[in-house]
A.B. asks: 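There's a structure below that I have some questions on.
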Amino acid sequence: MGAYIVKRLLQSILVLFGLSLLIFFIARVVPGDPARAALGNLATEEQVERLRAEMHLDKPFFVQYYYWLISVLHGDLGKSLYTQRPVTQDLVQFLPATLELMLFATLISLVVGQTMGVLSGYFRNSWFDGLFRVISYAGVATPPFVIAIFLLFIFSQLLGLAPGVGRLPITMAEPPRVTGFLLIDSLLAGRPDVTLVALKHMLLPAISLAIAHIAQEGRITRSSLIDVQQKDYILAHQVHGIRPTKVIFKYLLRPSIVPTVTVMGMDFAFLLSNAFLVEVVFMWPGFSRYAVNAMLSKDLNAIVAVVLVIGLTVALVNLLVDVTIAFLDPTVRIRRRGG
Amino acid sequence: MSSRKEAALAVWQARWKGLSRGWYRYSRNPLHVVGLVVLLLIGLAAGLAPYITPYPEHAGPYTNFREAGLPPSKAHWFGTDRVGRDVFTRVIFGYRFSLLLGIVVLSISVPIGVLFGLIAGYKRGSWIETVLMRVTDIFLSVPPLVLAMAVAAMLTPNLFNAMLAISISWWPWYSRLIYGMTVSLREQYFVRELELTGAGKLQILLREILPNCLGPLLTKVTLDMGFAILMGATLSFVGLGAQPPTPGLGTMVAEGAKRLPAEWWSTIFPALAIVVVILAFNLVGDGLRDVFAEEEV
């Protein structure tokens with residue numbers, strides 16, 4: 001087990017190293033002078049030259065990359081042209097809002113997806129099963145920003161059931177920042193009313209993020225359930241008069257845990273990129289909206305940092321998923337030990 | 001009739017038979033046929049957009065503020081946008097750019113990915129495989145949308161660079177697919193036998209292994225047309241793709257969204273147009289999968 005984790009870790013580091021080389025290369029070959037962009041049009045030629053030397057832009061590509069890598073490993077990702085602050089500081093400020101949203105969306109997709117999967121698998125070929133199939137088709141074919149706009153339009157603007165954009169109404173002050181998670185910070189500040197409002201604001205963006213994943217997770221649970229249902233031991237349980245709910249939760253659902261965790265891991269990357277669009281629509285002050293704004297203002301340091309952070313996060317999540325599966329699935333565990 | 005002609009005829013008859021059998025399998029699910037019809041209609045409309053749309057001049061930087069923000073009517077089926085352009089016309093032109101984007105992206109990324117996959121799969125166990133597949137892994141280490149957005153942003157955002165950026169993030173998926181198939185095909189007897197008779201590597205790769213990958217490849221290409229269009233729309237939605245006044249479907253959704261809920265038609269119709277085309281490609285792709293899946297049995 002330990003050797004396996006080390007091997008996966010080394011692979012991830014190698015890939016991340018390659019990713020940094022790739023993204024740094026693209027950032028350097030695109031037309032435009034980063035030093036000139038950093039100083040603006042008013043700077044004199046000498047000032048630009050001095051900054052070019054400071055940023056090592058006058059040296060060959062691999063030397064530039066070396067200096068850049070050293071500073072990245074020291075936690076210095078350069079300065080953002082868009083916010084005029086160190087990129088690291090920006091990331092720390094904007095990441096919690098995105099993480100909170102993604103965790104909430106994952107929770108929704110797990111609960112709703114499992115429930116729908118179980119129901120449509122248990123009542124196979126019923127109207128509910130048909131409805132679920134339609135929803136999962138639509139969930140795959142509809143881009144997240146379209147889902148987000150539809151939800152915002154229908155539930156917030158037409159029906160007035162949900163609040164509009166943002167994490168809190170403009171009139172409401174944010175609680176003092178401790179973790180950056182509004183739900184936690186407001187509770188720490190002793191303001192459960194703020195927690196409730198924040199939760200309401202999070203509902204629509206989280207559902208927009210969750211819909212595609214509800215479909216996917218539900219389908220896996222459904223097919224796994226149908227698969228297991230035909231096994232003899234299930235029939236034996238039923239014949240012995242064990243309650244259906246107990247059969248479902250204790251015997252039918254268990255085999256779907258491993259594929260569900262696998263898919264959650266694979267889907268994490270998509271959840272992350274879908275968050276980009278949902279945050280834009282809901283004006284969510286998170287990491288993804290920061291990233292989009294950095295991209296629109298061609299802020300090279302911030303773009304490179306964003307890509308690296310995402311690469312790192314995806315690698316960590318994949319590692320976590322692989323290790324979890326190795327723990328959950330006895331066949332994987334034994335194969336690893338033997339081989 | 002010479003025997004040569006007869007043989008040629010027999011080949012064509014066999015092909016026709018295979019084709020009609022394929023169509024039978026495809027058409028068993030009516031949804032697949034609906035998808036195909038919708039796709040043909042969209043393709044036709046997009047191709048003939050300058051001739052069949054009611055106001056072709058509205059596809060560009062046209063303004064007429066007296067007709068701005070009109071709701072759907074007989075004259076303007078999908079209403080007009082904030083500067084008085086016919087939304088229906090712009091949606092059809094949007095399809096034109098979307099399909100163009102899909103075709104360009106796939107014609108760049110499919111050959112590169114296929115080449116990588118074929119070589120890496122055939123050279124299994126050598127350093128060439130390691131290098132090619134590690135490079136593939138690097139491109140797959142961030143979600144394709146993020147990579148495409150970053151690349152499009154670092155180049156100057158426009159339709160052409162969006163195509164380039166999506167292609168850069170797309171080819172590794174083909175590399176993976178073809179790699180897997182090549183690895184299993186090269187162990188088959190017909191490939192082994194050819195190797196023993198001294199057939200060239202190029203011949204084995206292009207004439208034996210590649211044709212056997214075509215079914216799944218075609219299915220994936222069809223499904224990916226939908227996803228490439230989705231990504232193009234996404235890029236133009238955030239402002240990193242087609243720039244106004246080019247009628248990108250995503251651009252139109254983004255511009256219209258500022259006017260929600262009052263002028264809902266300038267957002268909702270382009271948004272539905274995106275969903276329809278992606279759904280259609282998905283249905284056709286599923287149909288093709290059914291056709292090829294059963295042929296393997």
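Every chain is numbered from 1, with letters handed out A, B, ... down the list of sequences. In this text, all values refer to a predicted model and were calculated from it rather than measured experimentally.
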A.B. asks: Does any non-hydrogen side-chain atom of A/Val281 lie less than 4.5 Å from one of B/Phe237?
C.D. replies: yes
A.B. asks: If you draw a 6.0 Å radius around CZ in A/Phe155, do more than 12 non-hydrogen atoms from other residues or ligands fall strictly inside?
C.D. replies: no
A.B. asks: Nearest 0.5 Å, what's the CZ-CG distance between A/Phe276 and B/Leu240?
C.D. replies: 10.0 Å
A.B. asks: Step through the atoms of chain A and chain B and list each donor-acceptor pair whose separation is under 3.5 Å.
C.D. replies:
residue	atom	partner	partner atom	Å
A/Tyr137	OH	B/Asp286	OD2	2.3
A/Lys298	NZ	B/Met154	O	3.3

A.B. asks: Most heavy-atom pairs under 4.5 angstrom with chain A, which of B/Leu140, B/Val135, B/Leu145?
C.D. replies: B/Leu145
A.B. asks: Which bit of A/Ile310 comes within less than 4.5 Å of chain B, counting heavy atoms only: side chain, backbone, both or neither?
C.D. replies: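 Contact with chain B involves both backbone and side-chain atoms of A/Ile310.
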A.B. asks: Could you look at B/Ala257 and say if it's the side chain, the backbone, both or neither that has a heavy atom under 4.5 Å from chain A?
C.D. replies: side chain
A.B. asks: Checking heavy atoms, do the side chain of A/Val280, its backbone, both or neither come under 4.5 Å from chain B?
C.D. replies: side chain
A.B. asks: Going from CG on B/Leu147 to CG on A/Leu22, what distance comes out if it is rounded to the nearest 0.5 angstrom?
C.D. replies: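 B/Leu147 CG to A/Leu22 CG: 6.5 Å, rounded to 0.5 Å.
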A.B. asks: Flag the one option from B/Leu283, B/Val146, B/Ile138 with the top tally of heavy-atom pairs under 4.5 Å to chain A.
C.D. replies: B/Ile138
A.B. asks: What part of A/Ala27 lies closer than 4.5 angstrom to a heavy atom of chain B: side chain, backbone, both or neither?
C.D. replies: both
A.B. asks: Look up atom CG in B/Leu272 and atom CZ in A/Phe150, then write down how far apart they are to the nearest 0.5 Å.
C.D. replies: 4.0 Å
A.B. asks: What's the separation between atom CD1 in A/Ile154 and atom CD1 in B/Ile268, rounded to the nearest 0.5 Å?
C.D. replies: 7.0 Å
A.B. asks: What pair of heavy atoms forms the shortest contact from B/Ile274 to A/Pro143, and how long is it?
C.D. replies: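 Shortest heavy-atom contact: CG2-CG, 3.7 Å.
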A.B. asks: Please state whether the side chain, the backbone, both or neither of A/Leu21 comes within less than 4.5 Å of a heavy atom of chain B.
C.D. replies: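 Answer is neither: A/Leu21 stays 4.5 Å or more from chain B.
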A.B. asks: Among the options A/Leu19, A/Leu308, A/Ile23, pick out the one with the most heavy-atom pairs lying under 4.5 Å from chain B.
C.D. replies: A/Leu19
A.B. asks: I want to check something: taking the side chain as every heavy atom from C-beta on, are A/Leu296 and B/Val238 in contact at a cut-off of under 4.5 Å?
C.D. replies: no
A.B. asks: Take a 6.0 Å sphere around CZ of A/Phe61 and say whether it holds more than 12 heavy atoms from other residues, nucleotides or ligands.
C.D. replies: yes
A.B. asks: Between A/Leu300 and chain B, with a heavy-atom cut-off of 4.5 Å, which part of the residue counts as in contact: side chain, backbone, both or neither?
C.D. replies: side chain
A.B. asks: By a 4.5 Å heavy-atom criterion (distance strictly below it), what part of A/Val314 contacts chain B: side chain, backbone, both, or neither?
C.D. replies: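 Contact with chain B involves the side chain of A/Val314 alone.
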